[in-house]
Peer 1: 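If you scroll down you'll find the structure; I have some questions about it.
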Amino acid sequence: MSHFCCPVCKRALTEQGNTLRCENGHSFDKARSGYVNLLRSQQSASKRHGDDKRMLTARRVFLDRGFYEPLQRALCKTVADTTPANGVLVDAGCGEGYYTAAIRQISPSLTVCGVDISKDALQMASSRTKAIELAVASVFSLPVADGAADTLVSVFAPTADSEFARVLKTGGVLIRVIPTERHLFGLKAAIYKEPRLNKPERTEIEGFSLIHRQELCYELTLETAEDIRALFEMTPYFYKTGQDDQARVLARRSLCTEIGFAVLTYKKH
């Protein structure tokens, strides 16, 4: 049995070779790399979903250099402290799998499912580990049965209050990672003449109680053009600047920036 459900009728999906099929006859073929596309046709109207290959490749280079390893460790510890040993965890917006694979590695008895709207992201995630079930889907319409998950993780991804509440068991845990106000301020100062603080993100989630907040703040110094390029290209700032501004940042040989994360742990009412 798959831990995903049919996006059409919400029935359980059974694995039959490289195909997932529900009792109503809806079937979904797995891609060669292992993920399954469960994005509904009406959600697929636009040509591209999620982050593109350039952004994802830059993110993989940057993350694999260990620059966000403190966050990875904190997230894995939070999962281990709050999730039953044989529980089910859904990473809603798993991206290229850096955090998802680490969670599975440190908690091998967990069933871990990753969902992202980007096919390119899931191709990368599948190369990190084959021990995670992966599906293309929107976090606002998760292919997960009601109350099926013990824990839901959302790292820099959109928060879908009602959908997260639906898929989590009563008493289940939601773990969100959001940027703090000064996250990447040094990078923004290198791009803009008048950089602004990040807007505070809302922390109240309907149907949940915030039970713990952990902040990780440190300075990061990048000393190679490759690392600066990877950080810049993995952020939306690269795509929002003109060629002259991009060239100015990419010409730098060092960059110091503040890093700020908040790991928020909630319990479902």
Side-chain angles (χ1 to χ4, degrees), residues 31 33-35 48-76 79 90-106 112-129 132 134-139 153-159 175-180 182-188 190-191 198 201 216-241 245-246 249-250 252 255-263:
S33 58
Y35 70 85
R48 187 181 70 82
H49 293 291
D51 297 337
D52 63 21
K53 286 185 178 180
R54 183 173 190 167
M55 181 181 283
L56 290 164
T57 300
R59 184 170 297 135
R60 167 157 286 197
V61 169
F62 185 83
L63 293 175
D64 285 349
R65 294 274 287 137
F67 295 122
Y68 282 5
E69 189 175 332
L71 173 59
Q72 186 191 69
R73 291 197 303 267
L75 182 61
C76 287
V79 168
V90 176
D91 189 347
C94 66
E96 52 77 59
Y98 174 73
Y99 302 103
T100 330
I103 289 170
R104 181 62 175 77
Q105 183 176 14
I106 202 169
V112 179
C113 303
V115 172
D116 201 276
I117 204 166
S118 167
K119 294 179 183 179
D120 293 331
L122 294 187
Q123 286 177 345
M124 291 187 178
S126 66
S127 70
R128 287 195 180 275
T129 177
I132 297 172
L134 299 168
V136 180
S138 167
V139 299
V153 172
S154 175
V155 182
F156 304 125
T159 302
I175 304 170
R176 295 176 66 211
V177 178
I178 61 174
T180 59
R182 297 191 67 85
H183 180 58
L184 296 182
F185 192 78
L187 173 62
K188 292 166 75 173
I191 302 170
N198 299 322
E201 294 206 21
L216 302 171
C217 300
Y218 55 95
E219 279 198 351
L220 181 66
T221 300
L222 305 178
E223 298 180 330
T224 70
E226 180 186 13
D227 291 340
I228 295 169
R229 173 180 289 274
L231 173 61
F232 190 23
E233 290 187 354
M234 81 178 203
T235 70
Y237 307 132
F238 179 81
Y239 298 86
K240 294 178 180 179
T241 54
D245 291 331
Q246 290 176 358
V249 176
L250 295 176
R252 296 177 68 109
L255 176 70
C256 182
T257 188
E258 293 156 280
I259 302 296
F261 310 112
V263 182

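For clarity, every value in this text was computed on a predicted model and none was experimentally measured.
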Peer 1: Would you check if Asp116 and Val136 make a side-chain contact, meaning some heavy-atom pair closer than 4.5 Å?
Peer 2: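 A side-chain contact is absent here, since even the closest heavy-atom pair is not under 4.5 Å.
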
Peer 1: Does Tyr68 have any ring-ring contact (aromatic ring centres under 6.0 Å, His included) partners at least two apart in sequence or in another chain, and if so, which?
Peer 2: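 So Tyr68 forms a ring-ring contact (aromatic ring centres under 6.0 Å, His included) with Phe62, Phe261.
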
Peer 1: Strictly distance-based, threshold 3.5 Å: is any side-chain N or O of Glu258 a donor or acceptor partner for the main-chain N or O of Cys217?
Peer 2: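 Checking the backbone N and O of Cys217 against the side chain of Glu258, no donor-acceptor pair under 3.5 Å is found.
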
Peer 1: Around atom CD of Glu201, are there more than 12 heavy atoms from other residues, nucleotides or ligands closer than 6.0 Å?
Peer 2: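 Result for CD/Glu201: enclosed.
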
Peer 1: Could you tell me if the side chain of Ile132 sits less than 4.5 Å from the side chain of Cys94, heavy atoms only?
Peer 2: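 No; the side chains remain at least 4.5 Å from each other.
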
Peer 1: Donor-acceptor pair, distance only, cut-off 3.5 Å: does the side chain of Thr257 make one with the backbone of Leu187?
Peer 2: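 Yes; at least one donor-acceptor contact below 3.5 Å.
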
Peer 1: Can a side-chain donor-acceptor contact be found between Arg65 and Thr224 if the only test is distance below 3.5 angstrom?
Peer 2: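 Side chains of Thr224 and Arg65: no pair found under 3.5 Å.
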
Peer 1: State, with a plain yes or no, whether a side-chain heavy atom of Leu255 is found less than 4.5 Å away from one of Val249.
Peer 2: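 A side-chain contact is absent here, since even the closest heavy-atom pair is not under 4.5 Å.
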
Peer 1: With side chains defined as the heavy atoms from C-beta onward, is the minimum distance between Asp227 and Phe67 less than 4.5 Å?
Peer 2: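 Touching, per the 4.5 Å side-chain cut-off.
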
Peer 1: Within the 4.5 Å heavy-atom criterion, are Ile178 and Phe156 side-chain neighbours or not?
Peer 2: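 Not in contact.
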
Peer 1: Are the side chains of Leu222 and Leu231 in touch, meaning some heavy atoms are under 4.5 Å apart?
Peer 2: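 The answer is yes; the side chains approach within 4.5 Å.
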
Peer 1: Quick one: does any side-chain atom of Thr235 pair with a main-chain N or O of Phe232 as donor and acceptor, under 3.5 Å?
Peer 2: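 Yes; judged by distance alone, with no hydrogens or angles, the pair exists.
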
Peer 1: Specify the closest pair of heavy atoms between Leu216 and Pro70, including all atoms of both residues, with the distance to one decimal.
Peer 2: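 Scanning both residues completely, I find the closest heavy atoms to be CD1-O, 3.7 Å.
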
Peer 1: Can you check side-chain contact (heavy atoms from CB on, under 4.5 Å) on Tyr99 and Val153, steps first, answer last?
Peer 2: CA-CA 10 Å; Tyr99 302 103; Val153 172; over 6 Å; no

Peer 1: Does either side chain, that of Asp52 or that of Tyr239, offer a donor lying less than 3.5 Å from an acceptor on the other one?
Peer 2: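 Checked: Asp52/Tyr239 side chains pair up, N/O donor to acceptor below 3.5 Å.
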
Peer 1: Any side-chain donor paired with an acceptor under 3.5 Å for Ser118 and Asp51?
Peer 2: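 No - no donor-acceptor pair under 3.5 Å links their side chains.
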
Peer 1: Are Arg182 and Asn198 side-chain neighbours, meaning at least one heavy-atom pair lies under 4.5 Å?
Peer 2: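 No, too far: nothing below the 4.5 Å cut-off.
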
Peer 1: Give the minimum heavy-atom separation between Val115 and Ala137, together with the two atoms involved.
Peer 2: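 Distance-wise, the nearest heavy atoms are CG1-O, 3.5 Å.
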
Peer 1: For a 4.5 angstrom cut-off between non-hydrogen side-chain atoms, does Val61 reach Glu226?
Peer 2: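 Yes - at least one pair of side-chain heavy atoms lies under 4.5 Å apart.
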
Peer 1: Is it the case that the side chain of Arg60 and the backbone of Met124 share a donor-acceptor pair, with hydrogens and angles ignored and the cut-off at 3.5 Å?
Peer 2: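 Checked: pair present.
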
Peer 1: Under 3.5 Å, side chain of Gln246 to main-chain N/O of Thr241, donor-acceptor pair present?
Peer 2: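 Yes: the side chain of Gln246 pairs with the backbone of Thr241.
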
Peer 1: Can you check whether Ser154's main-chain N or O pairs, donor with acceptor, with Asp91's side chain at less than 3.5 Å?
Peer 2: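 Looks like no, no N/O pair under 3.5 Å.
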
Peer 1: Any ion pair linking Arg128 and Asp64 (charged N to carboxylate O, less than 4.0 Å)?
Peer 2: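 So Asp64 pairs with Arg128 through a salt bridge.
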
Peer 1: Give a yes or no on whether a salt bridge exists between Glu96 and Arg59, defined as a side-chain N under 4.0 angstrom from a carboxylate O.
Peer 2: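 Looking at Arg59 together with Glu96, the answer is no, because their closest N to O distance does not fall below 4.0 Å.
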
